[in-house]
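Below, chain A is the first sequence line, B the second, and so on; all start at residue 1.
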Amino acid sequence: MTDAAQQTPDLETQLPKTYAPVEVEARRYAKWVADGRFKADDDSDREPYAIVIPPPNVTGQLHLGHALDHTLIDTLVRRERMRGKEALFLPGTDHAGISTQNVVERQLADKEGLSRHDLGREAFVGKVWEWKDVYHERITSQMKKIGDGVDWDRERFTLDDGLSSAVQTMFKRMYDDGMIYRAERIINWCPRCMTALSDIEVEHQDDAGELVSMRYGEGEASIVVATTRLETMLGDTAVAVHPDDERYAHLLGTTVEVPFTGRRIPVVADAHVDPEFGTGAVKVTPAHDPNDFAIGQRHGLESILIMDERGVITAHGPFEGLDRFEARSAIAAALRAEGRIVAEQRPYMHAVGHCERCDTTVEPRLSKQWFVKVERLAKSAGDAVRSGETRIHPPEMEKRFFSWVDNLLDWCISRQLWWGHRIPIWYGPNGEEVCVGPGETAPEGYVQDPDVLDTWFSSGLWPFSTFGWPEDTKALEKFYPTAVLVTGWDIIFFWVVRMMMFGTYAMGRAPFGEVFLHGLIRDKHGKKMSKSSGNGIDPLEVVDRYGADALRFMLARDANPGADSIASIELAELSRNFCNKLWNGTRFALMSGATVEGDLPTDLSLIDRWVLSRLSATITSVDALFEQYEFAKAMDALYHFAKDDVFDWYLELTKPVLAAGGQRAEDTRRVIGHVFDQLLRLLHPVIPFVTEELWLTLNGTEAAGGSLTVAAWPTAAGTDAEAERAVAALQHLVTEVRRFRSDQDLKQSLPLPARLTGLAAVGLADEEPFIRGLVKLAPAGEGFAPTADLAVSDEVSVALDTSGSIDVDAERARLDKALKAAEKELEGAVKKLGNEAFLAKAPDAVVDKIKARKATAEADIARVTAQLDRLA
RNA sequence: GGGUGCUUAGCUCAGCGGUAGAGCACCUCCCUUACAAGGAGGUGGUCACAGGUUCGAUCCCUGUAGCACCCA
């Protein structure tokens with residue numbers, strides 16, 4: 001149609017009618033990496049902007065939550081790179097001690113029928129490394145597929161030599177500072193994983209258990225206690241009551257016998273016993289319950305372990321060798337036979353701790369383990385937020401942060417595993433203990449502690465160990481502290497707090513200036529997605545079906561700070577449609593001869609002024625929203641600018657201009673080129689693939705090695721209120737005419753003779769021919785007989801000759817509705833303005849607004865009434 | 001049991017002192033040479049419930065109900 005279209009006959013082949021993401025994405029990603037687009041330079045003068053990835057489990061797979069996290073990080077980093085920062089998205093994985101060891105042990109058992117003990121420690125760890133390589137390949141290829149623009153040269157793994165050295169250095173420093181100690185405490189023990197767990201690795205869930213009341217002692221000297229873990233009675237070393245509880249005052253100082261053991265235990269008074277709960281008397285098992293342990297400490301009670309590491313009863317007696325749950329029933333039966341069971345409540349719902357990794361019921365157990373003293377560390381982490389050194393977004397999440405940080409207990413860091421950083425403590429033949437730093441060797445004849453450290457000990461160092469700490473590296477100098485940590489709010493405790501504790505301790509500064517907490521992804525029913533419930537959507541499936549851009553746009557578009565979002569595969573389709581729309585819009589622009597060559601024209605048409613104003617407003621708004629991590633709103637602003645302003649209005653408005661040709665058409669081609677150039681830049685951080693493909697075509701810089709990844713981020717040029725007002729009036733007029741045609745069942749394409757009045761009043765004096773062309777209005781020639789009069793606004797009206805009768809009922813129905821709305825509006829305004837209290841107390845601005853509303857309503861009523869009269 | 005948050009159009013969510021917004025869905029029309037993965041037009045809500053504060057409450061306060069999550 002246009003000259004330009006003829007100039008580019010190959011466009012159809014260059015840009016097919018439908019966007020096909022799969023081919024484009026693989027090619028683009030490979031090229032970006034080959035061209036070093038994501039590499040960050042330690043030596044550059046540019047302002048640093050670094051985000052370290054929250055390292056996923058190396059043996060895991062990316063789920064939608066990761067995809068969301070990575071999309072948001074990648075969007076931030078890509079935008080900052082375009083803004084001229086030395087931008088870095090640092091990738092890596094963690095070794096996920098327990099879960100990785102579990103995975104490999106299971107594989108070993110299934111495939112070779114071997115346990116890790118059959119292999120021995122060294123061989124087993126070698127096996128795990130082999131597995132790690134396989135899984136690592138999988139997870140990194142997933143990251144590439146969703147478009148993570150990471151600097152692969154800086155990829156780290158928590159068990160790398162460098163990071164291992166960081167862990168050892170940190171351990172030694174803290175050990176020497178007295179921040180790490182070994183002690184006998186009640187810890188969470190998983191009898192299946194056969195290791196200690198930290199508090200956050202235990203998940204509490206309501207289980208249907210039983211509450212059994214049993215009687216200790218006989219007659220006057222008897223006392224009834226209730227328990228959900230009857231088997232622990234074998235380890236009871238006291239019965240405790242509240243000191244003020246008169247019911248039991250006479251028993252204090254006496255002893256009762258523990259059945260089956262012959263052991264006599266005292267009745268003690270302890271203020272921590274709740275007299276309201278149950279009978280007010282509790283059994284005390286110091287070796288298997290944290291509260292009981294505390295009571296035991298206060299009263300100098302013996303602690304008796306009654307189970308082994310697998311949860312099998314070891315106490316001598318008839319129950320020896322039974323599993324803890326078998327023992328529970330067996331003991332109940334035996335006590336029942338002795339007439340000691342006073343009451344049984346079943347089911348009794350109560351929270352039971354489960355191993356986060358294998359779901360086994362956790363057994364509290366007295367055990368000698370290594371701990372980190374957290375008081376001081378937690379305080380500095382809290383102080384970093386209190387002082388504003390680290391800001392949390394959204395601020396409401398601070399509460400969650402503080403409630404955790406201010407109530408932290410010492411952290412059990414030793415794990416009875418083989419996969420991980422081995423504790424650098426060596427024991428001498430005479431009970432000596434030395435902590436060995438990197439490069440040091442333990443004295444002859446010493447043996448190393450067999451345990452390894454909690455994975456989070458190494459992950460906590462991530463924001464600086466990945467930059468080479470403890471070496472004084474240029475990378476550390478350049479990028480620490482990092483710009484922001486981005487993660488889900490459920491990870492505050494795992495990630496944020498631990499990194500902040502270690503960062504403030506080792507570096508003297510918090511590891512990030514900001515923390516942005518996004519929500520979790522849930523399924524249609526609001527359930528958290530998880531492997532076990534099988535409701536997860538595989539992000540890679542979304543990528544295969546709709547493309548990575550669609551996946552990313554879907555996720556970013558729903559990302560309101562701190563709020564969870566619902567995902568379903570259908571939502572990805574909508575995002576895919578948007579990408580396709582962008583593809584076709586740009587394709588049309590190119591076919592129309594859009595160009596980015598030369599300066600922008602200075603003598604602009606109204607619609608060009610308008611679109612540039614909209615562009616500017618969009619840039620301003622998007623910038624402000626990104627600064628606040630308001631991804632959903634930023635995406636909304638971009639979506640509306642693209643779809644409404646550019647595609648639905650601007651491109652349509654330019655069609656007659658281009659068709660008319662001449663200088664105006666040339667100038668408009670330049671403006672179209674500019675608008676698309678800027679739009680593609682604005683969308684690039686979130687949908688990098690399709691925008692790069694289109695932008696390179698638009699700019700024709702592919703051959704010259706150009707890339708949108710390093711193109712400058714747009715800046716706002718200022719808005720044009722006059723043009724915005726005039727085009728808004730134009731849009732209103734056009735919509736009214738279309739609406740009329742639709743209501744009247746008249747084809748939009750059928751020309752109607754019309755008379756337009758009042759255009760000058762809204763700045764559209766020169767645009768009448770243009771408007772007539774747009775909505776197919778023919779001149780009001782000889783014999784013009786208007787059958788309808790559309791009052792578009794106070795100023796503008798359109799008289800139409802439909803050459804015949806019109807559907808009066810349809811028009812009347814519409815006008816009645818408009819009249820009713822206006823009357824309701826007027827009524828409300830009049831009522832307010834008649835209220836003296838309102839006039840006296842409301843701010844002037846509000847009163848003026850209501851007055852204006854009243855005037856508008858009155859004008860609307862007059863106009864609509866007049867139209868109704870004319871209809872009659 | 002303690003705590004936090006949520007309840008706004010059919011669905012997913014914004015708004016948060018001046019009488020309601022978006023996307024999708026839905027209804028009508030249209031295969032108009034950028035796009036049917038599309039276009040044009042349109043319908044739709046006593047803002048969970050009950051009190052209170054205020055000239056005015058979806059928005060603030062109290063209580064109730066339901067849901068979610070965290071901690072014991």
Any A:Lys831 side-chain nitrogen or oxygen under 4.0 Å from OP1 or OP2 of B:rG56
no

Can you tell me how far P of B:rA68 sits from CD of A:Glu396, to the nearest Å?
22 Å

Mind checking the P distance from B:rC16 to B:rA72? Whole angstroms is fine.
35 Å

Are A:Lys633 and A:Phe626 in a cation-pi setup, meaning NZ or CZ lies under 6.0 angstrom from the ring centre and within 45 degrees of the ring axis?
no

For B:rU53 and B:rA57, measure between their P atoms and round to the nearest Å.
11 Å

Determine the contact category for A:Lys581: base if any of its heavy atoms lies under 4.0 Å from a base atom, sugar-phosphate if only primed atoms, P, OP1 or OP2 are that close, otherwise nothing.
base

To the nearest Å, give me how far apart CD (A:Glu630) and C1' (B:rA22) are.
14 Å

Sugar-phosphate only, base, or nothing, as touched by A:Tyr546 at under 4.0 Å among non-hydrogen atoms:
nothing

Tell me what A:Asn407 touches on the nucleic acid: a base, only sugar-phosphate, or nothing, going by heavy atoms under 4.0 Å.
nothing

Give a yes/no on whether any side-chain N or O of A:Thr735 is located under 4.0 angstrom from OP1 or OP2 of B:rG41.
yes

Taking B:rU43 as the reference, what is the distance to B:rG38 when you measure between their P atoms (whole Å, please)?
22 Å

A:Asn584 has an atom CG; how far is it from atom C1' of B:rC35, in whole Å?
4 Å

OP1 or OP2 of B:rG38 versus the side-chain N and O atoms of A:Asn577: is any pair under 4.0 Å?
yes

As a test of reading the structure: which of B:rA14, B:rA37, B:rC55 is closest to the side chain of A:Asn560, going by heavy atoms?
B:rA14

Using the benzene-type ring in the case of Trp, are the ring centres of A:Trp411 and A:Trp456 under 6.0 Å apart?
no

Roughly how far apart, to the nearest Å, are B:rA9 and B:rA22 at atom P?
14 Å

5'-most contact on RNA chain B (nearest-nucleotide basis), A:His640 vs A:Glu736, goes to A:His640

Check this for me, if you would: do A:Asp743 and A:Arg739 make a salt bridge, where the nitrogen-to-carboxylate-oxygen distance has to be below 4.0 angstrom?
yes

Using the P atom as the point on both nucleotides, what is the distance between B:rA40 and B:rG15, in whole Å?
28 Å

If you check the A:Trp489 side chain, which of B:rG38, B:rC69, B:rA22 turns out closest?
B:rC69

Taking the same atom, C1', in B:rU33 and in B:rA20, what whole-Å distance lies between them?
42 Å

Check every atom of B:rA72, B:rG18, B:rC24 against the side chain of A:Ala351 and return the nucleotide holding the closest atom.
B:rA72

Please determine, by modelled atom types, if A:Lys854 and A:Thr856 share a side-chain donor-acceptor pair under 3.5 angstrom.
no

Length of the CD-C1' vector between A:Glu398 and B:rU4, whole Å
15 Å

Can the positive tip of A:Arg557 be found less than 6.0 Å from the middle of the six-membered ring of A:Tyr639, inside 45° of the ring normal?
yes

Say you pick atom C1' in B:rC60 and the same atom in B:rC70; how far apart are they, in whole Å?
27 Å

Taking atom P in both B:rC59 and B:rU8, compute the distance separating them and give it to the nearest angstrom.
13 Å

Which nucleotide in the set B:rC24, B:rU4, B:rC55 lies at the smallest distance from any side-chain heavy atom of A:Tyr639?
B:rC24

Determine, for A:Arg229 against A:Glu363, whether the closest basic-nitrogen to carboxylate-oxygen distance falls under 4.0 angstrom.
yes

Starting at CG of A:Asp636 and ending at C1' of B:rA14, how long is that distance when rounded to a whole Å?
8 Å

Decide whether a cation-pi geometry holds between A:Arg738 and A:Trp649; the criteria are a distance under 6.0 Å from NZ or CZ to the six-membered ring centre and an angle within 45° of the ring axis.
yes

Name the nucleic acid region contacted by A:Lys817, choosing base, sugar-phosphate or nothing; use a 4.0 angstrom heavy-atom cut-off, strictly under.
sugar-phosphate

Proximal nucleotide (of B:rC35, B:rG15, B:rG41) relative to the A:Lys633 side chain
B:rG15

Selection from B:rC69, B:rA40, B:rA34 that lies nearest to any side-chain heavy atom of A:Glu652:
B:rA34

Of the candidates B:rG23, B:rA37, B:rA36, the side chain of A:Arg557 sits closest to B:rG23

Can you tell me the distance, in whole Å, between the CZ atom of A:Arg576 and the P atom of B:rA36?
12 Å

Distance below 4.0 Å between A:His204 side-chain N/O and B:rA72 OP1 or OP2
yes

Given the rule that a pair is Watson-Crick or G-U wobble with both distances under 3.5 Å, how would you write RNA chain B in dot-bracket, using | for pairs to a different strand?
((((((((.[[[[.)..(..]]]].(((((.......))))).....[[[[[..)....]]]]]))))))).

When you get a sec, tell me which of B:rA37, B:rG18, B:rG41 is the closest nucleotide to the side chain of A:Thr18?
B:rA37

Just the rounded figure in Å: distance from C1' of B:rA72 to NE2 of A:His272.
14 Å

Is any side-chain N or O of A:Tyr650 closer than 4.0 Å to OP1 or OP2 of B:rA34?
no

Pick base, sugar-phosphate or nothing for A:Asn580, based on heavy-atom distances below 4.0 Å to the nucleic acid.
base

Which nucleotide in B:rC24, B:rC35, B:rG5 has an atom nearest any side-chain atom of A:Lys399:
B:rG5

What is the distance from CG of A:Leu574 to P of B:rC35, rounded to the nearest Å?
21 Å

Touch check for A:Lys747, heavy atoms < 4.0 angstrom, all strands: base, sugar-phosphate only, or nothing?
nothing

Would you call A:Glu823 and A:Lys820 a salt bridge, using N to O less than 4.0 angstrom?
no

Do the charged groups of A:Arg814 and A:Glu736 touch, with an N to O distance under 4.0 Å?
yes

With RNA chain B as reference, determine whether A:Arg739 or A:Phe578 sits nearer its 5' end, using the nearest nucleotide of each.
A:Phe578

N or O in side chain of A:Arg853 less than 4.0 angstrom from B:rU19 OP1/OP2
yes

With the threshold set at 4.0 Å, does a side-chain nitrogen-carboxylate oxygen contact exist between A:Lys831 and A:Glu827?
no

Of the options B:rC69, B:rA14, B:rA72, whose atoms approach the side-chain atoms of A:Ala563 most closely?
B:rA14

